[in-house]
Peer 1: 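Take this structure first; my questions come after.
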Amino acid sequence: MREAKSFCRMCGAMCGTILKMDENDRILSVHRDRDNPMSNGYACFKGLHADQMHNGPERLLHTMKMMPDGTHQRIDTEQALDEIAAKMREIIDADGPDAIATYTGAGAVLTATAYMILPMFRAALGTRSNFSTATIDQSSKFVVVDRLGAWTAGKPALADSDVILLIGTNPLVAHATAGCLVNDPVKTLKAARKRGLKLVVIDPRRTESAKFADIFLQPYPGEDPTVVSGLLRLILTEGWADDAFIANWVKPGGIERLREMVEPFTPDYVANRAGIDADELRSAARMFAQGGRGAAFSGTGPSMSPRPNLSEHLVELLNVVCGRYRQAGDRIHDINVFAPPKTVHAEVFAPTRGFAQVPPGRIRGAGTLWGEMMTSTLPDEILTPGEGQIRALFNAGGNPASSFPDQRKVVKAMKAIDLSVTIAPHMNTSARLSHYVFAPKLQYERADIPMILYDFSFYPVPWGQYTPELARPPEGSDLIDDWYLFWGLAKRLGLPLDYFGESIEMATAPTSDELLEIRTRGSIIPLDEIKQYPGGKVFELEQYVQPARPEATGRFDVMPEDVAEDLAEVTAEPLPVRSSSARGFTHLLQVRRLRETNNSTSIMIEAVRKRMPYNWASLNPNDIAAMQLSDGARVKITSDHGSISGVVKSDDSVREGVLVMAHSWGGLPDEEGTEAGSNINLLIDTETNVEKINAMARMSAIPVNITLSA
Ligand SMILES: Nc1nc2c(c(=O)[nH]1)N[C@H]1C(S)=C(S)[C@@H](COP(=O)(O)OP(=O)(O)OC[C@H]3O[C@@H](n4cnc5c(=O)[nH]c(N)nc54)[C@H](O)[C@@H]3O)O[C@H]1N2
Ligand SMILES: Nc1nc2c(c(=O)[nH]1)N[C@H]1C(S)=C(S)[C@@H](COP(=O)(O)OP(=O)(O)OC[C@H]3O[C@@H](n4cnc5c(=O)[nH]c(N)nc54)[C@H](O)[C@@H]3O)O[C@H]1N2
Ligand code: SF4
Ligand SMILES: [Mo]
């Protein structure tokens, strides 16, 4: 038996782990690394059960090809690559490279070499059909940067904050509140509270994070525009805003227009509409605005609900009007050691309204955002004939058939497409619909570095860690590194791959280590040095925010007319709006994330199944009593788009009038039932209730009827 240090890559937190392996390098168990300088011994349930992902009976061990009857059979990997390359050539000759799309799923985002190969592959092909989870996640944040602008120096670190406001994000479970709280969240939050940090949480569910809050507001889901407008109105009318920051950095006239637009959101109006207490709203506004340093952060809550672009814009305005950004002289803790050094100035990155400068797309007019197409339109891009139709899809570490809204349509599209290729460690719903499925090496079988998105660091300190391949793939398996699929195809198509000017070896396959070397070229800390610390290291780097440059003329555009129009629509809605009974529905269905799973990853492992046989339909005990239901009751949940079944669970963290269910569970639509859980994406449509610009579907605050199953 031997032990080795590594880190978990099942979510962005990348906690330090210790593996125990047998003499064949098979993982026996995964443990917390108490000496890891960043995660400090923290690791969660699913990370500690990663051995079951590696060794479990559900794991896919070979490349598979779909047969004419829809079943899958083993195929030699190189043979599969030959066949796929031939089919690609045919599609490109007929319809051009844009007919070939890639989808970058969560599995690829969490694998450094997979994440770097995809843009190279698209560039080599010359396809613009680029889809990823980003545009069914928090793409509203891209829209905010485009319309409002952004503060180049970012927000104060949690360590430097006196107060933070969390809206629709739950770091204690999701480890994803970027720039605020990701790693070792429980101890970190407790320690911060102990030294005096004030915490405001706004969430329709009394979350694990909310339990630590000084003030917790529990509105109906979908009421973020109301609640945040109410906070902004209080801050502006009570004189709690940072007038100096506004004078320097907000476009003239903007604040006046903002005042005018939020005027209708009096505390009583907000309280009545969102179902909260007016005094608590005032206390929350005061605690945040008068609390000293520290910012407001949001997560998927506002992004999944109606009007996500408006909600996210308003949340960011809390930071703008209170000047909650890092200033010249402030220390930068979250230095990305894997990137070249960069100077950071305290200034506004001006809004570019980039989304308005691209031509409207084929589907519902949706264009592109930051070079990406809107993921909710992908099924229609496949199903809609004509120029630009997508005929081949590479699903890299994602699970569209479970994770995209309108599951029936996704399945129809995946059945209609000419070529679909999935890389997945088990036959997930998307793999079952794919022509070819490749089995990837799992985390502990691959060399890796932590997650880096858009070259910004997810981690609060200058942390570096590298892990070599540690576990040996199961006996008799035929696994590939994700990147090898794309490299193998580029090679067959005679297309050279290039990473920011550096050519990738095409004659013989490079190693993952060589790719990581290229990925980190010029980094502040050379990869070789990071490799000397198998348990990871926080590097002693000191960097401070520099003053604004004289040429920095960018200003925040706080209330552009399209944002004002959206807000005016909110004000014009007759009350009560979303106390759902008024609309003929019994409940509003809201999303949440579960500790045990990462979207659809790890749902199938035994340890999870024991704890959670289904994604419960969680209801407030009072609702259960009022509906004469009981724990374990089987119910039918119907939206204006579809219906699913659910198993009721009593949960007093859930608000009355609200149903909480996790996403991406269940099988394919015709297998709908309670045995493997149910997919809430059957309740969601992509054609009505669609957001402008980023085409987000309404994925939270969905009106539903709950009835007892026959
Ligand atoms: N209704 C509803 N839908 C949602 C959401 C919601 O809140 N509500 N959330 C949305 C969000 S934020 C996101 S990001 C998306 C996620 O969307 P996806 O990324 O499409 O879905 P995941 O379920 O995360 O799929 C990850 C897949 O990666 C595979 N995988 C796991 N580990 C590895 C690995 O090491 N290598 C490789 N190659 N593959 C691996 C697993 O097979 C798993 O099925 O879902 C979105 N969908
Ligand atoms: N354990 C675990 N970790 C994960 C994932 C997972 O599936 N499991 N998924 C990963 C992914 S892909 C992502 S994008 C991140 C997401 O990270 P987070 O956004 O922090 O994820 P959640 O924990 O779902 O927090 C969202 C919160 O929004 C609330 N909410 C729902 N509707 C509304 C609303 O209308 N308004 C407001 N204000 N709140 C609302 C929910 O109650 C929930 O507490 O997490 C990542 N990490
Ligand atoms: S899945 Fe759990 S153990 Fe793994 S990185 Fe995320 S929080 Fe840490
Ligand atoms: Mo996500």
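Counting starts at 1 for both ligands and their atoms, in listed order.
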Peer 1: With respect to Tyr459, which candidate in Asp334, Val538, Asn183 satisfies the side chain to side chain contact (heavy atoms under 4.5 Å, CB included) definition?
Peer 2: Asn183
Peer 1: Taking 4.0 angstrom as the limit and counting only heavy atoms of Asp482, give me the atoms of ligand 1 inside it, by number and element.
Peer 2: 37 (C), 38 (N)
Peer 1: Quick one: which ligand 1 atoms are inside 4.0 Å of a heavy atom on Gly105?
Peer 2: 19 (O)
Peer 1: To the nearest 0.1 Å, how far is atom 32 (N) of ligand 1 from its closest protein heavy atom, and which atom is that?
Peer 2: Pro425 CG, 4.0 Å
Peer 1: Could Arg9 and Phe7 be counted as a cation-pi pair, given that NZ or CZ must be under 6.0 Å from the ring centre and within 45° of the axis?
Peer 2: yes
Peer 1: Using a strict threshold of under 4.0 Å (side-chain N to carboxylate O), is an ion pair present between Lys649 and Asp651?
Peer 2: no
Peer 1: Using a strict threshold of under 4.0 Å (side-chain N to carboxylate O), is an ion pair present between Arg205 and Glu208?
Peer 2: yes
Peer 1: Only heavy atoms of Met699, strictly under 4.0 Å: list the atoms of ligand 1 that pass.
Peer 2: 2 (C), 3 (N), 4 (C), 5 (C), 47 (N)
Peer 1: Please tell me whether Tyr436 and His72 have a donor and an acceptor in their side chains that are separated by less than 3.5 angstrom.
Peer 2: no
Peer 1: Do me a favour and list the nearest non-hydrogen protein atom to atom 24 (O) of ligand 1 with residue, atom name and distance?
Peer 2: Asn599 ND2, 3.1 Å
Peer 1: Would you please name every residue forming a ring pair (Phe, Tyr, Trp, His ring centres under 6.0 Å) with Phe212, sequence neighbours left out?
Peer 2: none
Peer 1: Excluding sequence neighbours, so at least two apart, what forms ring pair (Phe, Tyr, Trp, His ring centres under 6.0 Å) with His641?
Peer 2: none
Peer 1: Hey, are Asn170 and Ser209 close enough side-chain-wise for a donor-acceptor pair under 3.5 Å?
Peer 2: yes
Peer 1: Are the side chain of Thr135 and the backbone N or O of Thr375 linked by a donor-acceptor pair below 3.5 Å?
Peer 2: yes
Peer 1: Relative to each other, are the rings of Trp487 and Trp483 parallel, tilted or perpendicular (30° and 60° limits)?
Peer 2: perpendicular
Peer 1: Does any N/O atom on Thr111 come nearer than 3.5 Å to any N/O atom on ligand 1?
Peer 2: no
Peer 1: Considering non-hydrogen atoms of the protein only, which is the closest contact for atom 23 (O) of ligand 1, and what is the distance?
Peer 2: Ser600 OG, 2.6 Å
Peer 1: When you measure from atom 14 (S) of ligand 1 to every protein heavy atom, which one gives the shortest distance, and what is it?
Peer 2: Thr133 CB, 3.5 Å
Peer 1: Give a yes or no on whether the backbone of Val704 and the side-chain of Ser639 come within a donor-acceptor separation of less than 3.5 Å.
Peer 2: no
Peer 1: When you measure from atom 42 (O) of ligand 1 to every protein heavy atom, which one gives the shortest distance, and what is it?
Peer 2: Asn428 ND2, 3.0 Å
Peer 1: Cation-pi check, Arg519 to Phe338: give yes when NZ or CZ is under 6.0 Å from the six-membered ring centre and within 45° of the ring axis, no otherwise.
Peer 2: no
Peer 1: Give the atom numbers and elements of ligand 1 that come within less than 4.0 Å of a heavy atom of Tyr103.
Peer 2: 17 (O), 18 (P), 19 (O), 20 (O)
Peer 1: So is Arg593 polar-close to ligand 1, meaning N/O to N/O under 3.5 Å?
Peer 2: yes
Peer 1: Considering the heavy atoms of Ala106, write down every atom of ligand 1 situated less than 4.0 Å from one of them.
Peer 2: 19 (O), 24 (O)
Peer 1: Does an N or O from Val591, backbone or side chain, lie closer than 3.5 Å to an N or O of ligand 1?
Peer 2: no
Peer 1: Salt-bridge test for Lys141 and Glu312: reply yes if a basic N is under 4.0 Å from a carboxylate O, no otherwise.
Peer 2: yes
Peer 1: Return the closest protein heavy atom for atom 47 (N) of ligand 1 as residue, atom name and distance.
Peer 2: Ser403 O, 2.7 Å
Peer 1: With atoms numbered from 1 as shown, which atoms in ligand 1 lie under 4.0 angstrom from a non-hydrogen atom of Ile684?
Peer 2: 1 (N)
Peer 1: Check this for me, if you would: do Arg364 and Asp380 make a salt bridge, where the nitrogen-to-carboxylate-oxygen distance has to be below 4.0 angstrom?
Peer 2: yes
Peer 1: Just need the protein heavy atom nearest to atom 35 (O) of ligand 1, so name the residue and atom and give the distance.
Peer 2: Arg446 NH1, 2.9 Å
Peer 1: Residues in ring pair (Phe, Tyr, Trp, His ring centres under 6.0 Å) with Trp665, at least two apart?
Peer 2: none
Peer 1: Mark up the atoms of ligand 1 that fall under 4.0 Å of a heavy atom belonging to Ala424, in ascending order.
Peer 2: 42 (O)
Peer 1: Only heavy atoms count here, so choose which of Asn681, Ile136, Asp406 is nearest to atom 15 (C) of ligand 1.
Peer 2: Ile136
Peer 1: So is Asp137 polar-close to ligand 1, meaning N/O to N/O under 3.5 Å?
Peer 2: no
Peer 1: Note the single closest protein heavy atom to atom 43 (C) of ligand 1, along with its residue, its atom name and the distance in Å.
Peer 2: Thr601 OG1, 3.2 Å
Peer 1: Could you name all protein N, O or S atoms found under 2.8 Å from atom 4 (Fe) of ligand 3?
Peer 2: Cys8 SG
Peer 1: Report yes or no: does Thr111 contribute a side-chain atom to a donor-acceptor pair with the main-chain N or O of Gly107 at less than 3.5 Å?
Peer 2: yes
Peer 1: What atoms of ligand 1 come closer than 4.0 angstrom to any heavy atom of Gly397?
Peer 2: 26 (C), 27 (C), 28 (O), 38 (N), 39 (N)
